[in-house]
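Below is one structure, written out as structure tokens, with a few remarks after it.
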Amino acid sequence: MESRNSQLLREMFDLLLGHFGPQNWWPGDTGLEMMVGAVLTQNTNWKNVQKAIENLKQKNLLSLEALKALSLEELAREIRPSGYYNIKAKRLRNLLGFLADRYEADLEQFLEDTTEALREGLLSVNGIGPETADSILLYAAQRPIFVIDTYTHRILYRHGMIGEEAGYYELQDLFMDHLPADPGFFNEFHALIVRLGKEYCRKVPRCDVCPLLQWGPMPPDSNTA
DNA sequence: CACCAGGCAAGTA
DNA sequence: TACTTGCATGGT
């Protein structure tokens, strides 16, 4: 019995794909664009991130050389629409420094490294946590890593598949231990989860009963007044 | 007007 | 170790 979780997750994916269709997420043109997007989207609507990225693109600043040449103030001004622009400018700067130190500022070199080394390195950068690191691994480097976010936690919790206190890696293992390691599949699944979260699985008290996935109980969030 | 968004780090006890 | 707070714009 290839575990009940495996069945649930596959059923979940089929329902979501059938209902929403393919999401075609992260249509970033380059690896660098997706890495920058991964940082800029921290706790931020993707639409705001697009504006920031568009600013960089229009001024031909979306390259390692051009970004490195910008002062922190200039960089912050360009990414202003993405919010938290001062701290995100620093974080992008930290990421650029990491690429320079470890990979000679060569994205090809970066993308050839092992998944384990990349992940460990990315997590050592101030401003890059588990989700940002995994987003870069999945989208930019196309590694079979499942990205966990707040929606994933909320949805699985409300459907009784995890405890409320479950951590990032507990959730990630749930997906990665029970599903085939396919980057395209992980990409689509994560995008569909976010889509479901946005439309149906919001915070209490604006939480509706999910119309798609009704196989489990749906407890409220205890820590949201 | 309030609330939220593909998080993370620093400060506090 | 376990909470709490700062970061900030733009859309509903």
Side-chain angles (χ1 to χ4, degrees), chain A residues 16 20 22-28 31 33-56 72-73 75-95 97-98 119-143 145-157 163-172 175 183-208 220-225:
Chain A
L16 291 174
F20 292 116
Q23 298 299 297
N24 289 323
W25 243 25
W26 293 70
E33 180 176 341
M34 291 187 272
M35 294 175 75
V36 170
V39 171
L40 295 186
T41 198
Q42 290 170 357
N43 201 35
T44 301
N45 192 314
W46 181 250
K47 205 160 189 177
N48 288 7
V49 175
Q50 283 183 308
K51 297 184 181 192
I53 293 203
E54 198 52 38
N55 284 346
L56 294 172
L72 266 185
E73 292 75 17
L75 181 54
R77 192 166 67 244
E78 299 303 331
I79 65 173
R80 200 176 92 89
S82 72
Y84 305 124
Y85 49 84
N86 285 315
I87 193 167
K88 283 176 180 175
K90 288 179 191 166
R91 289 175 178 182
L92 286 177
R93 176 65 66 88
N94 294 341
L95 178 56
F98 165 73
R119 193 165 200 287
E120 182 189 14
L122 286 168
L123 287 176
S124 75
V125 177
N126 186 301
I128 295 187
E131 183 177 346
T132 306
D134 286 341
S135 294
I136 290 172
L137 289 172
L138 176 64
Y139 297 108
Q142 312 213 24
R143 307 304 168 89
I145 299 291
F146 205 97
V147 176
I148 303 301
D149 69 338
T150 53
Y151 288 127
T152 315
H153 184 280
R154 191 184 303 158
I155 290 169
L156 291 196
Y157 168 59
E164 188 178 22
E165 68 292 342
Y168 188 93
Y169 297 106
E170 196 174 331
L171 283 168
Q172 187 172 52
F175 286 91
F185 174 54
F186 284 176
N187 181 332
E188 192 60 50
F189 204 164
H190 174 64
L192 285 165
I193 286 172
V194 173
R195 178 74 182 273
L196 174 68
K198 281 182 178 174
E199 300 198 12
Y200 296 108
C201 206
R202 294 169 299 182
K203 290 184 182 176
V204 289
R206 298 199 294 160
C207 167
D208 298 320
D221 297 348
S222 67
N223 61 348
T224 47

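Chain letters run A, B, ... following the sequence lines, proteins first, then strands; residues in each count from 1. Side-chain atoms are counted along with the backbone in the values below, which use heavy atoms only and exclude waters and symmetry mates. This structure is a prediction, so every number in the text was calculated from the model and none was measured.
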Worksheet item: Among the nucleotides B:dG6, C:dG10, B:dC8, which one has an atom lying closest to any side-chain atom of A:Arg80?
Response: C:dG10
Practice prompt. Ignoring backbone atoms, test whether A:Thr150 places a side-chain nitrogen or oxygen under 4.0 Å from the OP1 or OP2 oxygen of B:dA5.
Written response: no
Worksheet entry | Nearest to side-chain heavy atoms of A:Ile87, which nucleotide of B:dG6, C:dG10, C:dA8 | C:dA8
Worksheet, complete the sentence: Of B:dG6, B:dC8, C:dG10, the nucleotide closest to the side chain of A:Thr41 is B:dG6
Discussion item. Please compare A:Val125 and A:Asn45 by the position of their nearest nucleotide in DNA chain B and report the one closer to 5'.
Written reply: A:Asn45
Item to complete: Verify the stacking flag for A:Tyr84 against C:dG6: centroid separation must be under 5.5 angstrom and the ring planes must differ by under 30 degrees.
Response: no
Discussion item. Any side-chain N or O of A:Lys88 below 4.0 angstrom from OP1/OP2 of B:dC8?
Written reply: no
Worksheet item: A:Asn48 CG to C:dC7 C1': how many Å, rounded?
Response: 14 Å
Worksheet item: Which part of the nucleic acid does A:Arg91 contact within heavy-atom distance under 4.0 Å: base, sugar-phosphate only, or nothing?
Response: base
Worksheet item: Using a cut-off of 4.0 Å on non-hydrogen atoms, how would the nucleic acid contact of A:Ser135 be classed: base, sugar-phosphate, or nothing?
Response: nothing
Worksheet item: Atom CZ of A:Phe189 to atom P of B:dG6: distance rounded to whole Å?
Response: 18 Å
Worksheet entry | Below 4.0 Å: OP1/OP2 of B:dA10 and any side-chain N or O of A:Asn126 | yes
Worksheet item: Does A:Tyr168 put a side-chain nitrogen or oxygen below 4.0 Å from OP1 or OP2 of B:dG7?
Response: no
Worksheet item: Closest heavy-atom contact between A:Tyr168 and A:Glu131?
Response: OH-CA, 3.6 Å
Worksheet item: Checking A:Ser124 side chain against A:Leu122 main chain: does a donor-acceptor pair fall under 3.5 Å?
Response: no
Worksheet entry | Check ion pair A:Asp134-A:Arg119 (N to O, under 4.0 angstrom) | yes
Worksheet item: Do A:Phe186 and A:Phe175 have ring centroids that are under 6.0 Å from one another?
Response: no
Fill in: Check: A:Glu188 side chain, A:Gln23 main-chain N or O, donor-acceptor pair, under 3.5 Å
yes
Practice prompt. Looking only at side-chain atoms of A:His190, point me to the closest of C:dA8, B:dA5, B:dG6.
Written response: B:dG6
Worksheet item: Of A:Tyr85 and A:Lys47, whose closest DNA chain C nucleotide lies nearer the 5' terminus?
Response: A:Tyr85
Worksheet item: What integer distance in Å separates A:Leu171:CG from B:dG6:P?
Response: 18 Å
Practice prompt. Mind calculating the distance between NZ (A:Lys51) and C1' (C:dA8) to the nearest angstrom?
Written response: 14 Å
Practice prompt. Give the rounded distance in Å between these two atoms: CH2 of A:Trp46 and P of C:dG10.
Written response: 17 Å
Practice prompt. Determine: side-chain N/O of A:Asn43 to OP1/OP2 of C:dC7, distance under 4.0 Å, yes or no.
Written response: no
Response to the item:
When rounded to whole Å, the CG to C1' distance for the pair A:Leu72 and C:dC7 reads 15 Å
Discussion item. Taking only the P atom of each, what is the distance from B:dG6 to C:dT5 in whole angstrom?
Written reply: 24 Å
Discussion item. Between C:dA8 and B:dA10, how far apart are the two P atoms, rounded to whole Å?
Written reply: 14 Å
Response to the item:
To the nearest angstrom, the CG-P distance between A:Asn55 and C:dG10 comes to 10 Å
Item to complete: Using only side-chain N and O atoms of A:Thr44, determine if any of them is under 4.0 Å from OP1 or OP2 of B:dG7.
Response: no
Worksheet item: Atom CD of A:Glu78 to atom C1' of C:dT9: distance rounded to whole Å?
Response: 15 Å
Worksheet entry | A:Lys88 side chain near A:Ser82 side chain, heavy-atom distance below 4.5 Å | yes
